[in-house]
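Please read the structure below before turning to the comments.
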Amino acid sequence: MPVDSISRDILRWYEKNARALPWRHPPGCTQAPDPYRVWLAEIMLQQTTVAAAGPYWLRFLGRWPTVQALAKADDADVMREWAGLGYYARARNLLAAARAISAAGAFPSTEADLRQLPGIGAYTAAAIAAIAFGEPATVIDANIERVVSRLFAIATPLPAAKAPISAALAPHVPRDRPGDFAQALMDLGATTCTPRNPRCLACPLSPHCAAHANGNPDAYPVKAAKRLRPKKQGLAWWIEHGDDIALIRRPPRGLLGGMPALPGTGWATDQPFHMPFEAEWRILPEPVSHGFTHFELRLSVACTTIAHRMAEIAGNPVSWISRKDIPAIGFPTLYARAAKAVLDQSHEQVIL
DNA sequence: TAGCCGTGGTT
DNA sequence: TAACCAAGGCT
C-alpha cells in the first residue's frame, strides 16, 4: 500500500506539536485511553473551548471517576457541577447515557453503537471510536471541516459541504493511528489553520493545500449566511423573606432546562414589566446583559421583601434558599450574574 | 433543513 | 464594539 503523504506529514507534525491535554495520551502512545474519560471530554468540548472545559472535566473526573459512579449520581448534583458550562441538555444526556452504559455492563466500542447513546452524534461517535478504540472512523468537527475544505478547495457552502468533506478525507485516514490523525487535524485547525489569518508558513500540509496554492485560504470554508440575533428583555424578581430568597426551577427541556432560576416575567422583544404582587419594589439601575446563541437578553431585576412566604409565585412552585447558599446553588451564568448584581448592591448600601 | 440550545474569548 | 467562533446534537 502506498504511503499517504497527507497522513504522514500531519502525524509527523503532531509528534512535535501535540497539545498536552489532561484527557489525552501523547502521540504514538500504544496504551488505549479510558473510553469514559474520552467520552466525558468529548461531550464537554462540544461547541466549547478547551480552556473552558478543562476545569469541569477535572472536577467531574474527581467526583465521578468511572461511568458506574456517574450513573449513580443524583440529577441535581450533576446539573450543579455542570452549571456555567452551558448547553445544559448535554448534562442531562450525559447522565442518561452513563446509566445506559452502566446497565449494559460495558462501554460501547464501535462508532455505530456509540451513535445510539443520547448526546452522541456523528462527530462524537467517530471521535470516541477512533481515539479510544482505534477504529478508522472519519472524524469531522469544525476544525477538520476548515482544514479539509482548504486542503481540497471545497467551495460548497456548509452545512451541505459536510458530505464532500468527509468523502475527501476518508481515503487519508490511517488504519493504524486514526485517533492521532483526528486529534492532529483538530490541533492543526486550532493552532495553525485558524479561521482568520491562517499560518500557512508553519503548516505541514501547505505543500498539499489547494487553497494555499490559490492564495486565498481565508475564503474557506464557505458558510451559509446566518440570521442576526434579536434583542429581548425581561424582568427577574428577587424576593426576600427573612434570610431566604425565592427560587424556581426551569422546565426540564428548552432554554436553561432543569436549572435553578429567579422567578420573573417572560422574555420578548417588547416585554412589559409587571410584578407578581403588590409590594414595594426597587429595580436595579442596570439590567444584566447576556447573550444566548440566538438572541440577546437584557434582564432587569426587581427586589422586594415580604413578611409572609408563599408556596408559589405567578403559578410557579417556589423554594426558599438561604442567602449564604446562593453561590453554591448552581445557577446558570445569567442568574449568577443577576444575583451578584443584587448582592453587590446591598453590600454597597451597607458600606454607605 | 434550519432553528434551538450557553458561555466566554478573540478580532 | 459587534461579529465571529468553539472537539455539535436534537428535532
Side-chain angles (χ1 to χ4, degrees), chain A residues 18-19 21-24 37-57 79 82-94 96-97 114-132 137-147 157-160 162-163 179 181-191 193-198 218 221 223-232 250-259 261 267 288-297 299 330-337:
Chain A
R19 292 179 290 176
L21 303 176
W23 49 82
R24 172 188 283 183
R37 296 182 178 216
V38 174
W39 166 61
L40 184 61
E42 291 302 338
I43 300 301
M44 289 183 169
L45 287 164
Q46 289 168 0
Q47 294 287 287
T48 305
T49 58
V50 165
Y56 282 83
W57 186 87
M79 300 313 288
W82 197 277
L85 195 54
Y87 286 131
Y88 297 97
R90 292 184 297 173
R92 301 192 296 270
N93 287 331
L94 182 80
L114 287 159
R115 185 66 181 78
Q116 300 306 311
L117 290 170
I120 295 186
Y123 160 75
T124 305
I128 298 172
I131 295 168
T138 304
V139 180
I140 307 286
D141 81 318
N143 287 301
I144 298 178
E145 280 178 352
R146 186 170 59 254
V147 172
L158 286 169
K162 202 128 186 147
F181 180 70
Q183 294 179 94
L185 287 173
M186 290 191 277
D187 277 20
L188 186 74
T191 66
C193 191
T194 48
R196 281 171 285 185
N197 307 316
D218 274 300
K223 294 189 176 184
K226 51 190 66 169
R227 303 190 330 175
L228 39 76
R229 298 190 305 173
K231 300 183 191 310
K232 300 187 180 185
R250 293 186 55 89
R253 274 177 283 279
L255 189 66
L256 307 179
M259 300 302 286
W267 307 334
V288 173
S289 292
H290 191 74
F292 291 98
T293 306
H294 55 294
F295 66 94
E296 290 180 28
L297 178 66
L299 183 68
F331 267 146
T333 298
L334 168 66
Y335 292 109
R337 296 225 288 245

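In the text below, chain A, chain B and the rest are named by the order of the sequence lines, each starting its count at 1.
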Heavy atoms only, 4.0 Å cut-off, all strands: where does [X] land among base, sugar-phosphate and nothing?
X        : value
A:Leu334 : sugar-phosphate
A:Ala142 : sugar-phosphate
A:Arg24  : base
A:Thr293 : base
A:Pro159 : nothing
A:Ala53  : nothing
A:Leu21  : base
A:Trp82  : nothing

Quick one: closest heavy-atom pair of A:Ile120 and A:Leu114, and the distance?
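So the two residues come closest at CG2-O, 3.3 Å.
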Considering all heavy atoms of both residues, which atom of A:Ala83 and which atom of A:Gly330 are nearest to each other, and what is their separation?
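Closest approach of A:Ala83 to A:Gly330, heavy atoms only: CB-O, 3.3 Å.
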For a 4.5 angstrom cut-off between non-hydrogen side-chain atoms, does A:Tyr123 reach A:Ile144?
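Side-chain contact under 4.5 Å: no.
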Out of [options], which has the shortest distance to the side chain of [X]?
X        : options              : answer
A:Lys223 : C:dC5, C:dG9, B:dG6  : C:dC5
A:Leu45  : B:dT11, B:dC5, C:dA7 : C:dA7
A:Gln183 : C:dC10, B:dT7, C:dA7 : C:dA7
A:Thr333 : B:dG8, B:dG3, B:dG6  : B:dG8
A:Arg146 : C:dA6, C:dC4, C:dA7  : C:dA6
A:Thr48  : B:dC5, C:dC5, B:dG6  : B:dG6
A:Lys226 : B:dG6, C:dC5, C:dG8  : C:dC5

Could you give the distance from [atom1] ([X]) to [atom2] ([Y]), rounded to the nearest 0.5 Å?
X        : Y        : atom1 : atom2 : result
A:Lys232 : A:Arg229 : NZ    : CZ    : 12.0 Å
A:Trp23  : A:Leu40  : CH2   : CG    : 9.5 Å
A:Gln46  : A:Asp141 : CD    : CG    : 11.0 Å
A:Met186 : A:Ile131 : CE    : CD1   : 5.0 Å
A:Leu94  : A:Met79  : CG    : CE    : 10.0 Å

Does a side-chain N or O of [X] approach OP1 or OP2 of [N] to a distance below 4.0 Å, or not?
X        : N     : result
A:Gln47  : C:dG8 : yes
A:Arg337 : B:dG8 : yes
A:His294 : B:dG3 : no

Whole angstrom is fine here: how far is it from [atom1] in [X] over to [atom2] in [N]?
X        : N      : atom1 : atom2 : value
A:His290 : B:dG8  : NE2   : P     : 7 Å
A:Asn93  : C:dC10 : CG    : C1'   : 8 Å
A:Gln116 : C:dG9  : CD    : P     : 14 Å
A:Phe295 : B:dC4  : CZ    : C1'   : 10 Å
A:Leu188 : C:dA7  : CG    : C1'   : 14 Å
A:Trp267 : B:dC4  : CH2   : P     : 14 Å
A:Lys162 : B:dT1  : NZ    : P     : 11 Å
A:Glu145 : C:dA6  : CD    : C1'   : 12 Å

Which residue lies toward the 5' end of DNA chain C, A:Asn143 or A:Glu296, if each is placed at its nearest nucleotide?
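Nearest-nucleotide comparison on DNA chain C picks A:Glu296.
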A:Trp23 or A:Arg196, whichever maps to the more 5' nucleotide of DNA chain C:
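First, find each residue's nearest nucleotide; the 5'-ward one identifies A:Arg196.
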Classify the ring geometry between A:Phe331 and A:Tyr335 as parallel (under 30°), tilted (30 to 60°) or perpendicular (over 60°).
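A:Phe331 vs A:Tyr335 ring planes: tilted.
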Residues in contact with DNA chain B, drawn from residues 83-91 of chain A - heavy-atom cutoff 4.0 Å:
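Only A:Gly84, A:Leu85, A:Gly86, A:Tyr87, A:Tyr88 qualify.
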Kindly say whether, by distance alone, the side chain of A:Thr49 makes a donor-acceptor pair under 3.5 Å with the base of B:dG9?
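Per atom types, no contact qualifies.
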On the side chain of A:Thr124, is there an atom forming a donor-acceptor pair with the base of C:dG9 - under 3.5 Å, no angle test?
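No such pair is found, so the answer is no.
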Would you check if the side chain of A:Arg24 reaches a backbone N or O of A:Arg19 as a donor-acceptor pair within less than 3.5 Å?
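Looks like yes, one N/O pair under 3.5 Å.
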P atoms of C:dA7 and B:dG3, separation to the nearest Å:
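Result for the P pair: 24 Å, nearest Å.
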